[in-house]
Peer 1: 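This is the structure, below, for whatever I ask next.
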Amino acid sequence: MGLLTVIRKNRRKEKEMRLLFLGLDNAGKTTILKKLNGEDISTISPTLGFNIKTFVHNSYTLNVWDVGGQRTLRPYWRNYFEQTDAIVWVVDSSDRLRLDDCKQELHSLLQEDRLAGASLLVFVNKQDIPGSLTQDEIRDALDLRAIKSHRWKVLPCSAVTGHNLIQGLNWVVDDVAHRLYYSTT
């Protein structure tokens, strides 16, 4: 029995997943996480470091790391890469000025060896704001079609209304479950 088989059997018993919420500052990562967890979103402040939330979704225990996205914090993202099963990349679809920065950070992130094979969900957040870019515009601006190293999905959402948050979480959990546990939820 190989080491990979032992690890998979051990993880199968645990049915745990580690998700990493990343994106530029003010994209809505913490708001999405709080909305998914049923918490109050009326008072959110910038994340200066990280938040950890653990909750059960579709019989899987999700350990979610929400890491601040300020430029000064981004070099520290790599401290959170170990054993990450999925990346949830949150994009502020109303922030047209920083799309190039968002694209560069995402593509740089996906080159990290410790994130190899992790599923990638791109939440196109703030769809409730008039004039926001669409899912297709964000997909093209971030050049998502060039990503061949990770299975990915892009989904428009609103952290405030909750639109598509559960659908996105369902996709990422199903994708990781299929890869790690050879099953779906």
Side-chain angles (χ1 to χ4, degrees), residues 17-58 60-74 76-77 80 84-106 109 118-144 147 150-176 185:
M17 296 180 188
R18 178 182 161 107
L19 308 181
L20 190 56
F21 271 53
L22 295 173
L24 303 186
D25 52 302
N26 200 38
K29 300 176 293 296
T30 302
T31 309
I32 288 173
L33 187 53
K34 285 186 174 239
K35 189 75 167 184
L36 284 169
N37 209 28
E39 297 176 38
D40 179 30
I41 62 167
S42 63
T43 56
I44 305 271
S45 58
T47 303
L48 302 174
F50 62 92
N51 297 310
I52 304 170
K53 297 283 181 191
T54 300
F55 57 94
V56 175
H57 181 77
N58 292 346
Y60 290 92
T61 300
L62 306 182
N63 297 307
V64 182
W65 292 69
D66 164 28
V67 185
Q70 294 86 345
R71 184 176 299 278
T72 56
L73 296 177
R74 294 179 208 161
Y76 299 102
W77 283 354
Y80 303 94
T84 295
D85 298 310
I87 304 160
V88 177
W89 184 259
V90 182
V91 180
D92 178 347
S93 62
S94 67
D95 187 359
R96 297 169 186 261
L97 297 177
R98 297 195 303 162
L99 275 178
D100 280 341
D101 193 19
C102 185
K103 173 186 171 184
Q104 289 173 1
E105 291 291 350
L106 175 62
L109 183 74
S119 304
L120 171 65
L121 172 64
V122 178
F123 266 142
V124 180
N125 193 24
K126 303 188 183 181
Q127 290 294 292
D128 52 312
I129 297 176
S132 293
L133 295 170
T134 66
Q135 168 184 337
D136 292 342
E137 289 171 321
I138 294 290
R139 180 197 63 219
D140 294 343
L142 298 183
D143 197 18
L144 295 179
I147 297 171
H150 296 74
R151 287 182 40 86
W152 58 269
K153 181 173 183 72
V154 60
L155 202 60
C157 73
S158 168
V160 174
T161 67
H163 175 69
N164 270 346
L165 298 184
I166 296 296
Q167 291 84 339
L169 196 59
N170 285 342
W171 178 84
V172 83
V173 167
D174 285 349
D175 195 64
V176 171
T185 53

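For clarity, every value in this text was computed on a predicted model and none was experimentally measured.
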Peer 1: Quick one, T47 and K29 - any side-chain contact, counting heavy atoms below 4.5 Å?
Peer 2: no
Peer 1: Could you walk me through whether L109 and W89 satisfy the side-chain contact (heavy atoms from CB on, under 4.5 Å) test, starting with their C-alpha distance in whole Å, then the side-chain angles of each, then the deciding distance to 0.1 Å, before giving a yes or no?
Peer 2: CA-CA 10 Å; L109 183 74; W89 184 259; 3.8 Å; yes
Peer 1: Show your working on side-chain contact (heavy atoms from CB on, under 4.5 Å) between D143 and L106 and close with a plain yes or no.
Peer 2: CA-CA 10 Å; D143 197 18; L106 175 62; over 6 Å; no
Peer 1: So, using ring-ring contact (aromatic ring centres under 6.0 Å, His included) as the criterion, who are the partners of F55 when residues are at least two apart?
Peer 2: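 F55 satisfies ring-ring contact (aromatic ring centres under 6.0 Å, His included) with no other residue.
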Peer 1: Nearest 0.5 Å, what's the CG-NZ distance between L165 and K35?
Peer 2: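 Going from CG on L165 over to NZ on K35, the span is 8.0 Å.
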Peer 1: Taking side chain to side chain contact (heavy atoms under 4.5 Å, CB included) as the test, write out the residues that go with T134, two or more places apart.
Peer 2: D136, E137
Peer 1: Apply ring-ring contact (aromatic ring centres under 6.0 Å, His included) to W152 and list each qualifying residue two or more places apart in sequence or on a separate chain.
Peer 2: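 None.
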Peer 1: By the salt bridge (Lys or Arg N to Asp or Glu O under 4.0 Å) test, which pairs, at least two apart or in different chains, include something from residues 41-55?
Peer 2: E39-K53
Peer 1: So which atom in W77 and which in V67 form the shortest heavy-atom distance, rounded to 0.1 Å?
Peer 2: CD1-CG1, 3.5 Å
Peer 1: Please name all residues satisfying side chain to side chain donor-acceptor pair (under 3.5 Å) with D101, sequence neighbours left out, ordered by chain then number.
Peer 2: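 D101 satisfies side chain to side chain donor-acceptor pair (under 3.5 Å) with R71, R74 only.
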Peer 1: Looking at residues at least two apart in the chain, or sitting in another chain, which of them share a side chain to side chain donor-acceptor pair (under 3.5 Å) with R98?
Peer 2: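 Once residues adjacent in sequence are excluded, the partners of R98 under the side chain to side chain donor-acceptor pair (under 3.5 Å) criterion are D25, D95.
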Peer 1: Under the side-chain contact (heavy atoms from CB on, under 4.5 Å) criterion, do L36 and I166 qualify, and how do the steps go?
Peer 2: CA-CA 7 Å; L36 284 169; I166 296 296; 3.8 Å; yes
Peer 1: For S42, what residues pass the side chain to side chain donor-acceptor pair (under 3.5 Å) criterion, not counting sequence neighbours?
Peer 2: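 If we apply the side chain to side chain donor-acceptor pair (under 3.5 Å) test to S42, skipping adjacent residues, the hits are D40.
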Peer 1: By side chain to side chain donor-acceptor pair (under 3.5 Å), which residues pair with K126, not counting sequence neighbours?
Peer 2: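 Counting only residues at least two positions away or on another chain, K126 forms a side chain to side chain donor-acceptor pair (under 3.5 Å) with D92.
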Peer 1: If you measure from CD on Q104 to CG on L24, what distance do you get to the nearest 0.5 Å?
Peer 2: 10.5 Å
Peer 1: Enumerate the residue pairs fulfilling salt bridge (Lys or Arg N to Asp or Glu O under 4.0 Å) with a member in residues 155-171, sequence neighbours excluded, ordered by first and then second residue.
Peer 2: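 Not a single pair qualifies under salt bridge (Lys or Arg N to Asp or Glu O under 4.0 Å).
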Peer 1: Give, for atom CG of L20 and atom CD1 of I87, the distance between the pair rounded to the nearest 0.5 Å.
Peer 2: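 Interatomic distance, L20 CG to I87 CD1, rounded to 0.5 Å: 6.5 Å.
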Peer 1: Of the options T84, L19, V172, which is the one that meets S119 in a side chain to side chain contact (heavy atoms under 4.5 Å, CB included)?
Peer 2: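 One option only clears the test, and that one is V172.
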Peer 1: Where do L142 and C102 come nearest, in terms of heavy atoms and distance?
Peer 2: CD2-SG, 3.9 Å
Peer 1: Who pairs with Q127 by side chain to side chain contact (heavy atoms under 4.5 Å, CB included), at least two apart in sequence or on another chain?
Peer 2: S93, V124, S132, P156
Peer 1: With A159, which residues qualify under side chain to side chain contact (heavy atoms under 4.5 Å, CB included), at least two apart?
Peer 2: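 If we apply the side chain to side chain contact (heavy atoms under 4.5 Å, CB included) test to A159, skipping adjacent residues, the hits are T31, I32, N125.
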Peer 1: Hey, is the main chain of R18 close enough, under 3.5 Å, to the side chain of D85 for a donor-acceptor pair?
Peer 2: yes
Peer 1: What residues form a salt bridge (Lys or Arg N to Asp or Glu O under 4.0 Å) with D140, not counting sequence neighbours?
Peer 2: R145
